[in-house]
Each structure stands twice: as structure tokens, then as C-alpha cells.
Number of protein chains: 2
Amino acid sequence: MAPARRIPEATVARLPVYLRVLAEEAAAGVITISSERLAELAGVNAAKVRKDLSHLGSYGTRGVGYTVDYLAYQMSRELGLTEARPVVIVGAGNLGQALANYGGFSSRGFPVLAMVDSDPDKVGRVIGGVPVRHPDDLPDLVADSPNTIGVVATPAAVAQSVADRLVDAGVRSILNFAPVVLAVPDGVLVRKVDLATELQILSFYQQRTPAGRRRSRARAGVA
Amino acid sequence: MAPARRIPEATVARLPVYLRVLAEEAAAGVITISSERLAELAGVNAAKVRKDLSHLGSYGTRGVGYTVDYLAYQMSRELGLTEARPVVIVGAGNLGQALANYGGFSSRGFPVLAMVDSDPDKVGRVIGGVPVRHPDDLPDLVADSPNTIGVVATPAAVAQSVADRLVDAGVRSILNFAPVVLAVPDGVLVRKVDLATELQILSFYQQRTPAGRRRSRARAGVA
DNA sequence: GGTTGTGAACAAATTCACAGCG
DNA sequence: CGCTGTGAATTTGTTCACAACC
């Protein structure tokens, strides 16, 4: 009986993956799932799944597994997903538009309220179903929902000033796609997604793997 | 004198960040940089920087710091960035187009060769300066450069079959934006970027921070 | 029998603190 | 004196292996 306080960072980072798998299984009519199977679908090993889940509480049944719906519910609750978190995307360029159009946000509880851009040609238009607003409207947009998440999808040069405006408007969570380290006050959370960084990491690891024999068609996967 | 073999994963993940900082400093005319300063700009602490760099070798000078150009060169070499890695983006939807247009790839040594899409309305066109090719062309596209990186920017439903085709064509590094765990043979590397996952992680941590007093304008940053 | 939940063993990563060198 | 490079200490994360339980 681990009553579950202080969930390790590494575990938190995996919960969304488990949650997605559980949603898929639930949709497929699966009622219970073992740590073994969940591990396979999530691409990790079973011991890790059990340890991770034990941090949430004792939601499994020995000899049986976990009830998919129930586990998913507990996980959503723990992640704070019981109510929707609105998203405002700053930067209505290619990336901003792609994110706005990307169905994965709204469908997973993150409705895209608006895009924000200073280009007068864009302000007032609706792109991909999302209205484009002027940066001055940020405080109004955020005022209603204090737990709005701000997404920075601008060029690096303006990312810091955009972040400042988001913070001033009351945003306390920021997802940053610009390749800069944002400075924000205490209490504001930033996560960064850097596309070129990901490629560089791939680049490092690929050079070690000698070039390999020609393609074996094995489904290795969960390595 | 750490002659540098087996660089820890956590270190590899930070090298691209250091490298970007070094490039910016070099562009600004800075000649040498201390671990303290590099740490500040990269958003980590100085001990970590020194430990990370020590895995590459002893490239610093005590009492002085690191020569920016030299360190950047050694780092690029270690990351395997001395020659360009071509990128093929599969999926010419919003995300694919955004990635194709995103300058950050080409400018950092990852030229975008082509997008691939099965939509006949798109094949043959040039979008954002990048030609759209038919999936059947994949083997030809990749044949020339065996170290091509494949980017999966398709809906989840087809991501696995796309990955299969990439692997069959000879691709050994894949960056996956689809919210699925890809199964690939040994020797093929996959990294995943899941946008909704990032939002969910933000969601978890934000709910703990009680809502906070009204905005203090402190530049906390590097926390 | 089958599967969870968890202590204990192990491994990786971070941080400290300082000797060593320029 | 200043700053790097690194052993040692600490913390965090992973894996093992098995008792507890259905």
C-alpha cells in the first residue's frame, strides 16, 4: 500500500504513454490488462510498469491484472486531466498552424482556444478552425481560465518576449518549440521540444551502429 | 584525462543544447567561455557542464575556460555532425509541411530531401521548397545516402506501416511524431516526440503549484 | 496458477568539494 | 587566483526476485 505521494519524475513522464495505451485498449473492448501486456504496448518492461503504477496506489488485482477503465481514470485524475486545459498557441506560422490543426490536442483534453500573432494579415482570420488574435488580447484570453497552457511556436528571436507576455497574462505552463532557453519567474513551468536536438541525438547514436547487415525483418520493437 | 569512450545518455541529450549556445556565442564574437557561463546559457548547473564536457575529453584550460570554436568543433565531431544527414519527411499534412518549412533543420545540417505522401493531389508538387514524392520512391530517395533520417509525421493509424517502409528502404534512424510505439528491427533507432504527452506532463506539475501569488517579475530562469 | 506490489540489489545521474594546473 | 577535471558522496531510477494475495 503505497499511498502515493511524490511521484518520481521518470514515472510522471511515462504515465501519458500508459494512458494512451489504456485508452486504445478500452476502445478495443479490453476489460483487464496485466503489467506484462501494458509493458509490451508501451514499449517498456513489466517491472517498471508495476513500480510506476504502485506510485499511484494499489489499483491492481493479483492473479488478474488491472481494470483498464479504472486504472485509466485514476491515472487521469493523478495527471490533473479531469478538467480540460485550454491551449493558446503563440505564432501562427507553419508550426503554429500545424499544431492548431493537429487533432491530438483537443481530442486529448487540450482544446485550442486561439492562435496569437502580430501579423495584421492574420489577426481576425480563422485558420484550421482556430481564430487568430492580436497579442494584446492575451490577458483577456487567459483571464477566464487560469490554467491555460501557452505554446510558443515563434522564431527564436522573439520567443523570450512572447514568454514574458504569456507570463504577464497569467499563464503558468509553457510548452516551448523555439530553440532557446526561456527565463521565467518561479512558479512558471516550461517544457521544451527542440526538433533539431532530437535529430542530433539520433545522429550521435546512429554513427556507432556500424551500418549493419541488410535488413532483418524481425519485429524487435520493445528493445 | 578521460579519453571519452561511452558517453552517458543524459550527457548526449544535453550536447545539442550546449552546441547551440556555443554557436550563438561564437556568432557574437565570444572567444572563450567558462563552465559557469555555458551552464547559465544552457539552463543547467556548472558542475554538470564540466562533467558532461569531461566525457568528450580535456578541452578546457584551467583558470580560463573553453575556447568556443574548438569546443564546438569537438562536440560536432562527437555528435557525428561533420557531414550532413539528409531528412525525408513522411506525411505531407500540416505537421509535415510545418517541419519542411521549419528552417531549423537545414540550417543545422539536416537538409530536407523530400516529403513523401500517398495523396495523388500532393505528389509532384513542391511545398515549402520541398518536393513531394510517392511512397514507392522511398527506396530511390534513400539509396544515395544510407544515413538518411526518416521523420514520421502521419496519423497514428498508418505510422507503423510507414515505419516498415522506411526500414525496408534502408533508413536506420527515425523520428516519430505519431502517438504510437513503433516496432522496428534491431539496429534501427527510434526517437519519439509526443506533443500531447508534453502537455500532460505540464498538466501534472501545474496542479501541484497552488495557483501562486500574483506574478513577481523576477527572472528566475535557470531553476 | 497467475499476477501484483515491493523490499533489496544494482546502475545511472547528479552534486559536492577540492586537488591540480595555467 | 581562477577555473577545470574528477574522485567521492548522494540521489534518482531500474531491475530482480519473491512473498502476498486472488
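Just so we're on the same page: letters track the sequence lines, and every chain starts at 1. Bear in mind that the values here come from a model prediction, so they are computed numbers and not experimental data.
Within the 3.5 Å criterion, the main-chain N or O of A/Gly91 finds no donor-acceptor partner in the side chain of A/Thr154. Between the B/Gln160 side chain and the B/Ala183 main chain, a donor and an acceptor come within less than 3.5 Å of each other. For A/Ser76 (side chain) and A/Ala72 (main-chain N/O), a donor-acceptor pair under 3.5 Å exists by modelled atom type.
In this structure, CD1 of A/Ile7 is placed 15 Å from C1' of D/dG13, rounded to the nearest angstrom. Rounded to a whole Å, the CZ atom of A/Arg37 is 17 Å from the C1' atom of C/dG2. Rounded to whole Å, atom C1' of C/dT14 lies 8 Å from atom CZ of B/Arg14. Counting to the nearest Å, the P atom of C/dC18 and the CZ atom of B/Arg62 are 16 Å from each other. If you take CG of B/Asn45 and P of C/dA13, they are 16 Å apart, rounded to a whole angstrom. Distance CG (A/Leu38) to P (C/dT3): 14 Å, rounded to an integer number of Å. A straight line from NZ of A/Lys48 to P of C/dT4 spans 17 Å, rounded to a whole angstrom. For A/Asp52 and C/dG5, the CG to P distance is 12 Å, given to the nearest whole Å.
The residue among A/Ala47 and A/Val64 whose nearest nucleotide of DNA chain D lies closer to the 5′ end is A/Ala47. Taking for each of A/Gly63 and A/Lys51 the nucleotide of DNA chain C with the nearest heavy atom, the 5'-most of the two is the partner of A/Gly63.
For B/Tyr66 and C/dG22, the shortest distance from a side-chain N or O to OP1 or OP2 is not below 4.0 Å. OP1 or OP2 of C/dG22 has not a single side-chain nitrogen or oxygen of B/Thr61 nearer than 4.0 Å.
When heavy atoms are screened at a 4.0 angstrom cut-off, A/Glu36 is found touching no nucleic acid atom at all.
Side-chain contact between A/Arg20 and B/Asp194: present, with at least one pair of heavy atoms (C-beta onward) separated by less than 4.5 Å.
Side-chain to base pairing of B/Arg50 with D/dG5: one donor and one acceptor N or O lie within less than 3.5 Å of each other.
Annotation for B/Tyr59: atom OH counts as buried by contact number, over 12 foreign heavy atoms lying within 6.0 Å.
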